[in-house]
Amino acid sequence: MAGVWIFAENREQTLELLNVGRQLAAKMETGVSALLWYDHERAGDYISHGADEVLLLPALPEDQSLEAYIPVVVAEAKKGDPDVFLFVATARGKELSARIATRLDTGLCSNCITLKYDKENKTLEMERLAYGGAAVQKVTCPARPVMATIPPELLNRPQQKMEETGISGSSRHPRHRR
C-alpha cells in the first residue's frame with residue numbers, strides 16, 4: 001500500500017495534513033492513509049476529510065509513552081512502503097518522525113512550508129525556511145519514504161467529503177481488517 005501516510009497526532013492538525021496529503025495523492029495518483037493512535041472514534045471523521053484508509057494502532061497501557069509505537073509504525077511502513085509520510089511539526093511529531101526516519105534509513109525534512117510533486121521526475125520538492133527565515137531551502141529526498149514535518153496552522157483544513165470507505169485495525173495489531 002504505497003501512497004501518502006499521515007501520522008494523526010490531534011484532530012485539527014491531522015485535518016491540515018489530510019488536506020496536504022490529499023493534494024499530493026491526487027498528483028501522485030495514489031491514496032491517503034492516516035495512522036491513528038488515539039480516539040479510534042475519529043477514524044470516520046478522518047475518512048470524511050480525505051483519508052482513504054485509517055490504520056488503527058493498538059491502545060497503549062498508561063505507563064507507556066508514545067515512543068512505544070515506533071517499532072510498530074516502522075514495521076507497518078516497511079510492509080506498506082509509503083511514498084510520503086507526513087507528521088505535524090510539534091515537539092512530539094518531530095521527535096517521533098526523526099526516530100522513525102532513522103529506523104527506515106530515509107531522510108526527513110523538518111518544518112516544511114511547501115511540498116511540490118514533480119510528476120516528470122517523480123520527486124517531492126520540499127521547501128523550508130533557513131537562517132532564521134532569511135532564506136528558503138529546497139530539499140529533495142532520494143530515499144523512500146520521503147518524510148516531512150509541517151508546522152501546525154500553516155495550511156488549510158480539507159472540506160468534508162460525503163462517502164466513507166476503509167477503516168482498518170484492531171486493538172491487537174494495526175493491520176487487521178474489520
Side-chain angles (χ1 to χ4, degrees), residues 1-22 24-25 31-112 115 126 128 141 143-155 157-158 164-178:
M1 171 199 27
V4 178
W5 282 20
I6 293 168
F7 190 82
E9 188 171 335
N10 70 45
R11 183 181 186 276
E12 296 303 312
Q13 294 162 349
T14 299
L15 295 181
E16 291 178 40
L17 290 183
L18 284 171
N19 191 34
V20 174
R22 178 57 39 215
L24 281 175
V32 177
S33 298
L35 280 76
L36 181 58
W37 60 272
Y38 71 100
D39 195 6
H40 291 176
E41 304 291 320
R42 295 235 184 258
D45 187 29
Y46 294 158
I47 287 172
S48 69
H49 282 89
D52 296 306
E53 180 179 40
V54 174
L55 303 173
L56 303 175
L57 298 172
L60 287 175
E62 288 186 29
D63 64 336
Q64 286 189 331
S65 69
L66 193 57
E67 285 75 26
Y69 280 128
I70 292 172
V72 175
V73 172
V74 168
E76 288 303 309
K78 285 181 178 180
K79 279 192 269 181
D81 194 27
D83 299 302
V84 178
F85 202 165
L86 302 177
F87 291 76
V88 174
T90 59
R92 180 184 306 171
K94 287 192 239 181
E95 182 177 343
L96 286 172
S97 61
R99 290 180 183 206
I100 291 168
T102 298
R103 291 186 184 193
L104 292 174
D105 197 24
T106 191
L108 170 67
C109 186
S110 293
N111 296 317
C112 293
L115 300 170
M126 301 165 279
R128 54 175 270 149
C141 179
R144 271 185 63 172
V146 175
M147 293 182 63
T149 64
I150 299 173
E153 300 181 13
L154 181 69
L155 307 165
R157 285 183 280 156
E164 291 189 15
T165 56
I167 298 171
S168 65
S170 76
S171 60
R172 284 178 266 137
H173 192 272
R175 294 294 295 197
H176 289 245
R177 305 241 183 238
R178 289 187 193 199

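Ala89 approaches Pro152 most closely through the heavy-atom pair O-CD, 4.0 Å. In terms of heavy atoms, Pro151 sits closest to Cys112 at CD-O, 3.1 Å. The minimum heavy-atom distance linking Ala25 with Val32 is given by the pair CB-CG2, 3.5 Å. Annotation for Gly107 and Ala101: closest pair O-CB, 4.2 Å, computed over non-hydrogen atoms. The minimum heavy-atom distance between Ala8 and Trp37, with the atom names listed, is O-NE1, 2.9 Å.
Counting only distance, with no hydrogens or angles, the side chain of Arg103 and the backbone of Val74 share no donor-acceptor pair below 3.5 Å. Between the side chain of Tyr46 and the main chain of Glu53, no donor-acceptor pair closer than 3.5 Å is present.
Taking CG of Leu60 as the reference point, atom OG of Ser65 lies at 8.0 Å (rounded to 0.5 Å). Annotation: the span from Ile6 atom CD1 to Gln13 atom CD amounts to 12.5 Å, rounded to 0.5 Å. Taking CZ of Phe7 as the reference point, atom CG of Leu35 lies at 7.0 Å (rounded to 0.5 Å). Atoms CG and CG, on Leu24 and Leu115 in that order, are 5.5 Å from each other to the nearest 0.5 Å. For the atom pair CG of Leu57 and CG of Leu36, the computed distance is 7.5 Å after rounding to the nearest 0.5 Å. To the nearest 0.5 angstrom, Arg11 atom CZ is 5.5 Å from His49 atom NE2.
Looking only at side-chain heavy atoms (C-beta outward), Asp83 and Val146 stay at 4.5 Å or farther from each other. A heavy-atom distance below 4.5 Å is found between the side chains of Asn111 and Lys94. Within the 4.5 Å cutoff, the side chain of Cys141 has heavy atoms near those of the Met126 side chain. Side-chain contact between Met147 and Leu104: present, with at least one pair of heavy atoms (C-beta onward) separated by less than 4.5 Å. For the pair Thr106 and Arg144, the minimum side-chain heavy-atom distance is 4.5 Å or more.
Atom CD of Glu41 has 12 or fewer heavy atoms from other residues, nucleotides or ligands within 6.0 Å.
Trp5 and Phe85 have perpendicular rings, their planes meeting at more than 60° on a 0 to 90° scale where under 30° would count as parallel.
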Yes or no on side chain to side chain donor-acceptor pair (under 3.5 Å) for Glu9 and Thr90, after CA distance, side-chain angles and deciding distance? CA-CA 9 Å; Glu9 188 171 335; Thr90 59; 2.8 Å; yes

Assess the residue pair Glu95 and Arg92 against the criterion (salt bridge (Lys or Arg N to Asp or Glu O under 4.0 Å)); give the C-alpha distance rounded to whole Å, side-chain angles, the decisive distance to 0.1 Å, and a yes or no. CA-CA 5 Å; Glu95 182 177 343; Arg92 180 184 306 171; over 6 Å; no

Full working for side chain to side chain contact (heavy atoms under 4.5 Å, CB included) between Ile150 and Arg128: CA-CA 9 Å; Ile150 299 173; Arg128 54 175 270 149; over 6 Å; no

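Among Leu108, Val88, Leu17, the one residue that satisfies the side chain to side chain contact (heavy atoms under 4.5 Å, CB included) test with Thr149 is Leu108.
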